[in-house]
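To start, the structure itself, in structure tokens.
Just so it is clear: chains get the letters A, B, ... in the order the sequence lines come, proteins before strands, and each one is counted from 1.
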Amino acid sequence: MSAGDVIIAEPSNKKLEFRALMFEKEKSQVEAKIREYLTTESIEDPVLEFRQIPFSGEWGIAVPLFPVAAGEARSGKKIIVPKRAQELAEGIKNYLHGSGFGFSHIDAVNGYLNLYFSTSEYAQRVVDTILETGEDYGRGEDLAKTVMVEYSQPNTHKSFHVGHLRNVILGGSICRILEFAGYRVIRANYLGDIGLHVVKWMWNYLKNHVGEVPGENKTHWMNDIYAEADRLFQDPSNEAEVRELYGRWNARDPEVVALWQKTRQWSLEGFEQIYDLLGETFDRIYFESEVEDSGVVLVEKMIEEGLAVDERPEGPVFIDLDAVLGTEDEYRVLVLLRSDGSSLYATKDLPLAIKKFEEYDLDQSIYVIDVRQSLYLKQVFKTLEVLGYPWADKLYHLAYELVNLPGNVTMASREGTVVLFDDLVAEATSRARTIVDEKNPEVSDEAKTSISEAVALGALKYTMLSRDNSKVVTFDWDAALDFNGQAAPYIQYAHVRANSILRRAGETLPKAAPFPDNLEKAEVDLIELLTRLPGEVVRAAEQFRPLTIAGLSYDLAKAFNDFYNTCHVLNAEPEVRAYRLRLVAAAQQVIATSLNLLGIEAPSAM
RNA sequence: GCCCCUGUAGCUCAAUUGGACAGAGCACUGGACUUCUAAUCCAACGGUUACAGGUUCGAGUCCUGUCAGGGGCGCCA
């Protein structure tokens, strides 16, 4: 996404880290003392900013004194800023007698004032908080803001390939993250159920496949007929027949409409199979066919009002946005109707946007669409603003880059350069199955199937989500099917290990357990990562970036694996066993939550 | 011609939004299974953050310019 565009909420300056939240009381007490000291140095109303200390085994918060010293320098004092910052930090440290206010010790280093928490106290507060809140750990409060996210947008009668997959996975994860962050989310889909591609499909069906019905895999079957139609259509001798059928469709010939309804339904059922597999559901499905007529009416109105230029039949109907707005080469020209009066994307996107706001009271309307349509959507949004819709500034294009094939080849059904969704899933699942058979031969066949599916889909989703929205994904079979390293199965496996320990413990979790001050490094590192979830959820929601959650989930898994190897739980001393069991339970919870936000299953066995 | 995106280790990517020493995975090399599941872990190797200026106490991050790659720009979707 590009920065500086519309953001859902006000960008939060409540960048209070979780750690600071848990030590809020201590923090505000010490902040008052720091201000008190700075007053004695004749510094009034300084800019005090709390940030994290780069973590090195001990928790705390830091106050950089550079802004304060720089302020002094600007007001004319002859000082060297870094030196003065360090001097101030030391001054404060002495003023606070090096500790107190709930902090175990206070340091002045490199111009920063570092305030450290008691390790045992901090560790226990973190783990207790997670276990008390359970799956709600990290969940934001209800923000009473409604957001619609439109994503997926496949064309009926066509294929579903890996390019479409990135959209669904990204959109789905964004919805989960926004929901968890406290927004009320409406998942919308918008299907291309009319147009030349549909007519071509019906023509081929009538000519070569009458009476046939889809097999088990409906989307694949639909696409086979479409691909064949597209090929046959290359032959000019077939053009007349297709055009004739298009005419009958435009005249709403009942026979053609009936066929359209029946075949469209097959496509819908096929998409439903895919969405089920991916774990996606939609609250509202829009169709191009339901907004086309109102779109034409709207364009006619724009012509009457003089907003749109009508050059028919020699030329199209368009709005010259730069002319209307007095800009130059910025918004260009948006074509609204073809010269023959037929509709285009814009004809339908304008009324669709209006319809959304008629149906729902939206605080934000998000379009998850690839980056190539940036100018187009900018034009659509601007046109709605020009038309006077007060909600036009609530429209947001969440752009993402394409999934290309090696050699920077764009996936296109027409060129035959596609990797179909079901082929990919079948291959991934089969590879996962081979590994499950080898690693876990004793579990039931049913369990093996569900594990393979969770692993295969998890791996595909993680690959898409662990890359920034603005980066092109180059699809490569080996990379997509690599279950090693920084990939979903690694994270899922950590969850399985945690689950395994808890299962073998065979008792209810100790209600409370004190943590010692001399924790192992692996324990400290793990606890540190557990505290990051709430902040990352807020950040991911503000920036529409699942990537941050993908990164955290991997870091968590890595830290847990390290803990698993260095810290034994079940055969440890009773006190140690007690707090470690609670730590394992907390880690399992946070890993599961982060995977869930990515739409990835957290299996209990692998 | 104009606009947008990208450029970080051999490869694929991160970097808490201007903060402390730029981190992971893959690949290569060498180690660790009689232990809570080795789909794991440890160690080693790997950097002039495309280039040149500028702003700043501080720049991979911000501003200007250059280079390279990708995308978009009146009747495709």
Side-chain angles (χ1 to χ4, degrees), chain A residues 2-3 11 15 17 51-54 56 62 64 66-67 69-70 73 79-85 109-112 114 153 155 192 195-197 309 311-312 315-318 320 328-330 332-340 342 344-346 370-376 378 399 401-402 404 408 410 432 435-436 438-440 455 463 466-468 470-474 476 479 482-487 489-490 492-494 496-505 532 535-536 539 543 547-548 550-552 554-555 558 561-562 564-572 580 584 605-606:
Chain A
S2 58
K15 263 186 36 191
E17 302 298 334
R51 54 172 61 246
Q52 301 187 38
I53 303 173
S56 60
F66 299 104
I79 52 170
I80 299 162
V81 171
K83 204 178 150 196
R84 175 62 175 161
V109 53
N110 292 340
Y112 290 85
N114 292 339
Q153 309 115 329
N155 281 331
L196 180 60
H197 72 279
V309 180
E311 291 182 342
R312 287 175 296 177
V317 179
F318 62 88
D320 185 342
E328 201 169 328
D329 268 0
E330 193 178 349
R332 307 269 175 173
V333 165
L334 179 62
V335 178
L336 302 168
L337 281 178
R338 287 198 187 86
S339 50
D340 67 0
S342 60
L344 291 156
Y345 245 39
D370 80 63
V371 68
R372 291 175 302 183
Q373 300 197 35
S374 293
L375 174 61
Y376 166 71
K378 189 172 148 186
E401 267 290 358
L402 300 182
N404 286 343
N408 217 11
T410 303
I435 300 174
V436 175
E438 175 199 323
K439 303 275 183 192
N440 225 340
V455 167
T463 305
S466 59
R467 200 158 309 234
D468 219 337
S470 60
K471 294 274 176 69
V472 175
V473 170
T474 300
D476 171 61
D482 187 357
F483 298 157
N484 295 312
Q486 188 167 355
Y490 177 91
Q492 292 170 318
Y493 184 63
V496 165
R497 281 177 146 182
N499 190 63
S500 181
I501 292 176
L502 296 172
R503 193 182 60 241
R504 280 175 179 271
R532 290 195 188 163
E536 290 301 319
R539 194 159 75 102
Q543 305 175 352
L547 164 71
T548 67
L552 176 62
Y554 175 75
D555 290 343
K558 191 170 169 56
N561 276 327
D562 187 25
Y564 183 94
N565 274 290
T566 44
C567 304
H568 280 244
V569 179
L570 296 179
N571 56 5
R580 280 185 182 165
V584 170
M606 275 171 77

Quiz item: Ser374(A) side-chain donor-acceptor pair to C4(B) base, under 3.5 Å: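 No, no donor-acceptor pair under 3.5 Å.
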Would you indicate which nucleotide in [options] comes nearest to any side-chain atom of [X]?
X         : options                : result
Asn565(A) : C75(B), U40(B), A20(B) : U40(B)
Pro67(A)  : G19(B), A20(B), A24(B) : G19(B)
Asp562(A) : C42(B), U6(B), G19(B)  : C42(B)
Val81(A)  : A39(B), C57(B), A77(B) : C57(B)
Leu547(A) : U40(B), A15(B), C42(B) : A15(B)
Leu344(A) : A20(B), C75(B), G25(B) : C75(B)

Asp340(A) and Arg338(A) ion-paired at < 4.0 Å: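 Salt bridge: no.
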[atom1]-based separation of [M] from [N] [nearest Å]:
N      : M      : atom1 : result
A22(B) : C63(B) : C1'   : 22 Å
G46(B) : C26(B) : C1'   : 13 Å
C57(B) : C4(B)  : P     : 30 Å
G18(B) : C2(B)  : C1'   : 31 Å
G54(B) : G70(B) : C1'   : 28 Å

Are any of [X]'s side-chain N or O atoms less than 4.0 Å away from OP1 or OP2 of [N]?
X         : N      : value
Arg467(A) : C13(B) : yes
Lys471(A) : A14(B) : yes
Lys558(A) : G25(B) : yes
Arg497(A) : A38(B) : yes
Tyr564(A) : A38(B) : yes

Face-to-face stacking of Tyr490(A) with A39(B), centres under 5.5 angstrom, angle under 30°: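 Taking the rule of under 5.5 Å and under 30°, the ring of Tyr490(A) does not stack on A39(B).
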Phe483(A) ring over A39(B) six-membered base ring, under 5.5 Å and 30°: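 No; centroid distance or tilt outside limits.
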CG/Leu196(A): more than 12 non-hydrogen atoms of other groups inside 6.0 Å: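 Correct, the count exceeds 12.
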Least distance between heavy atoms, Pro489(A) atom then Val455(A) atom: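 Heavy atoms only, the tightest pair is CG-CG1, 3.8 Å.
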Distance-minimising heavy-atom pair for Ile79(A) and Ala69(A):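 In terms of heavy atoms, the two residues are closest at CD1-O, 3.4 Å.
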Parallel, tilted or perpendicular, as decided by the 30° and 60° cut-offs, for the rings of Phe66(A) and Tyr112(A):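 Rings of Tyr112(A) and Phe66(A): perpendicular, as their planes differ by over 60°.
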Watson-Crick/G-U partner (both atom distances under 3.5 Å) of [N]:
N      : answer
G25(B) : C11(B)
G65(B) : C51(B)
C2(B)  : G72(B)
C36(B) : none

With no hydrogens and no angle check, is any side-chain donor or acceptor of [X] less than 3.5 Å from a backbone partner on [Y]?
X         : Y         : value
Arg580(A) : His568(A) : yes
Asn565(A) : Asn561(A) : yes
Tyr376(A) : Ala346(A) : yes

Syn/anti state of G74(B) by chi, 90° boundary around 0: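 Chi for G74(B) falls in the syn range.
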Chi-angle category of C42(B) [syn within 90° of 0, anti beyond]: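 Chi for C42(B) falls in the anti range.
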[X] near the nucleic acid: base, sugar-phosphate alone, or nothing, with a heavy-atom cut-off under 4.0 Å?
X         : result
Ala605(A) : base
Leu570(A) : base
Asn114(A) : base

Test item: Arg467(A) and Glu401(A) side chains (from C-beta on) under 4.5 Å apart, heavy atoms: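 Side-chain contact under 4.5 Å: no.
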Closest-nucleotide 5' rank along RNA chain B - winner of Asp482(A) and Tyr345(A):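 It is Asp482(A), whose closest nucleotide lies nearer the 5' terminus.
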Toward the 5' end of RNA chain B, by each residue's nearest nucleotide, Arg338(A) or Pro82(A):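 So the residue in question is Pro82(A).
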Annotated protein contacts, base or backbone, on nucleotides 68-74 of chain B with a non-hydrogen cut-off under 4.0 Å, one of B, S, - each: --SSSBB
